[in-house]
Amino acid sequence: MTTQADDELWSAIGDPSRRQVLDLLVSHGEVSASWLAERVPFSRQAVSKHLVVLERAGLITRRKQGREVLYQVEAARLDQATRTMTELAAQWDRRLATIKRLAETAHAENERRPS
């Protein structure tokens, strides 16, 4: 993933309202913006704006069916995002383990020093 793609992804999923829209799409499959707007506590216009951000991040796709536009989750991108978050979590776990080890070593050295 590129830095811009990462930024768009984190921005997209960082917002609780967008996560709510994404959750609805994951659980209900292909739906319209109107359908989504009936199930969230914000306006149809806000739903549309959130869909644009999610689509730009590659998390959803849309297709036209007659006069209606239907949205669905892009499973491959969501899987990629999950893998990226898992990798980041592992990196932070390693960093935190290193910090803990350094702190414990420093504490042990301080304990051994004469007062």
Side-chain angles (χ1 to χ4, degrees):
M1 254 195 277
T2 67
T3 302
Q4 182 177 356
D6 283 347
D7 290 347
E8 288 176 351
L9 172 66
W10 304 134
S11 176
I13 61 176
D15 181 271
S17 297
R18 282 193 283 275
R19 285 195 309 272
Q20 186 175 5
V21 169
L22 194 58
D23 287 344
L24 285 168
L25 289 168
V26 166
S27 60
H28 290 91
E30 193 175 51
V31 298
S32 68
S34 297
W35 185 91
L36 289 165
E38 292 171 1
R39 286 154 181 86
V40 294
F42 38 91
S43 70
R44 166 78 167 76
Q45 184 178 11
V47 168
S48 294
K49 288 179 180 183
H50 290 309
L51 289 169
V52 168
V53 173
L54 291 168
E55 187 175 17
R56 191 178 322 125
L59 291 166
I60 65 170
T61 57
R62 65 180 157 146
R63 74 175 180 88
K64 210 159 175 152
Q65 181 176 327
R67 293 174 48 192
E68 194 171 46
V69 177
L70 300 175
Y71 296 87
Q72 67 181 7
V73 170
E74 182 58 45
R77 177 67 165 140
L78 195 55
D79 287 343
Q80 180 185 24
T82 301
R83 284 191 307 276
T84 300
M85 285 186 268
T86 300
E87 290 169 12
L88 285 171
Q91 287 174 11
W92 276 105
D93 285 344
R94 288 190 298 273
R95 289 174 182 153
L96 291 171
T98 300
I99 291 169
K100 179 182 178 189
R101 191 173 56 252
L102 291 170
E104 288 171 347
T105 301
H107 179 72
E109 288 175 4
N110 286 337
E111 291 292 313
R112 286 191 294 251
R113 288 186 188 157
S115 299

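Computation of the quantities below employed the complete heavy-atom set of this structure, encompassing side-chain atoms and omitting hydrogens, waters and symmetry-equivalent molecules. In this chain, numbering begins with 1 at the start of the sequence shown.
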Group every Ile, Leu, Val, Met, Phe, Trp and Tyr by side-chain heavy-atom contacts under 4.5 Å, then state whether [X] and [Y] land in the same group.
| X | Y | answer |
| --- | --- | --- |
| V69 | V40 | yes |
| F42 | I13 | yes |
| L70 | V73 | no |

Would you mind reporting whether [Y] and [X] have side-chain heavy atoms less than 4.5 Å apart?
| X | Y | value |
| --- | --- | --- |
| S32 | Q65 | no |
| L22 | L78 | yes |
| E8 | S11 | no |

Output the distance between atom [atom1] ([X]) and atom [atom2] ([Y]), rounded to the nearest 0.5 Å.
| X | Y | atom1 | atom2 | result |
| --- | --- | --- | --- | --- |
| L59 | L25 | CG | CG | 10.0 Å |
| L51 | R56 | CG | CZ | 12.0 Å |
| W35 | L24 | CH2 | CG | 5.0 Å |
| R77 | I60 | CZ | CD1 | 12.5 Å |
| R101 | E104 | CZ | CD | 9.5 Å |
| T84 | D79 | OG1 | CG | 10.5 Å |

* Asked: Quick one: does R18's side chain have a donor or acceptor within less than 3.5 Å of a partner on G14's backbone?
  ->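 Between the backbone of G14 and the side chain of R18 there is no qualifying donor-acceptor contact (under 3.5 Å).
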
* Asked: Can you check whether A103's main-chain N or O pairs, donor with acceptor, with H107's side chain at less than 3.5 Å?
  ->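 Not a single qualifying donor-acceptor pair exists.
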
* Please determine, by modelled atom types, if Q91 and R94 share a side-chain donor-acceptor pair under 3.5 angstrom. =>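 Side-chain D/A pair, Q91 to R94: absent.
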
On a heavy-atom basis, which atom in [X] and which in [Y] lie closest, and how many Å separate them?
| X | Y | answer |
| --- | --- | --- |
| A12 | L54 | CB-CD2, 4.1 Å |
| S17 | H50 | CB-NE2, 3.5 Å |
| G58 | E74 | O-CB, 3.3 Å |
| L88 | W10 | CD1-CZ2, 3.4 Å |
| A37 | V47 | CA-CG2, 3.8 Å |

* Asked: Who pairs with E30 by salt bridge (Lys or Arg N to Asp or Glu O under 4.0 Å), at least two apart in sequence or on another chain?
  ->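 If we apply the salt bridge (Lys or Arg N to Asp or Glu O under 4.0 Å) test to E30, skipping adjacent residues, the hits are R63.
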
* Report the C-alpha distance between Q72 and T61 in whole Å, list the side-chain angles of each, state the deciding distance to 0.1 Å, and finish with yes or no for side-chain contact (heavy atoms from CB on, under 4.5 Å). => CA-CA 6 Å; Q72 67 181 7; T61 57; 3.5 Å; yes

* Hey, mind stepping through L36 and R44 against side-chain contact (heavy atoms from CB on, under 4.5 Å) and telling me if it holds? -> CA-CA 8 Å; L36 289 165; R44 166 78 167 76; over 6 Å; no

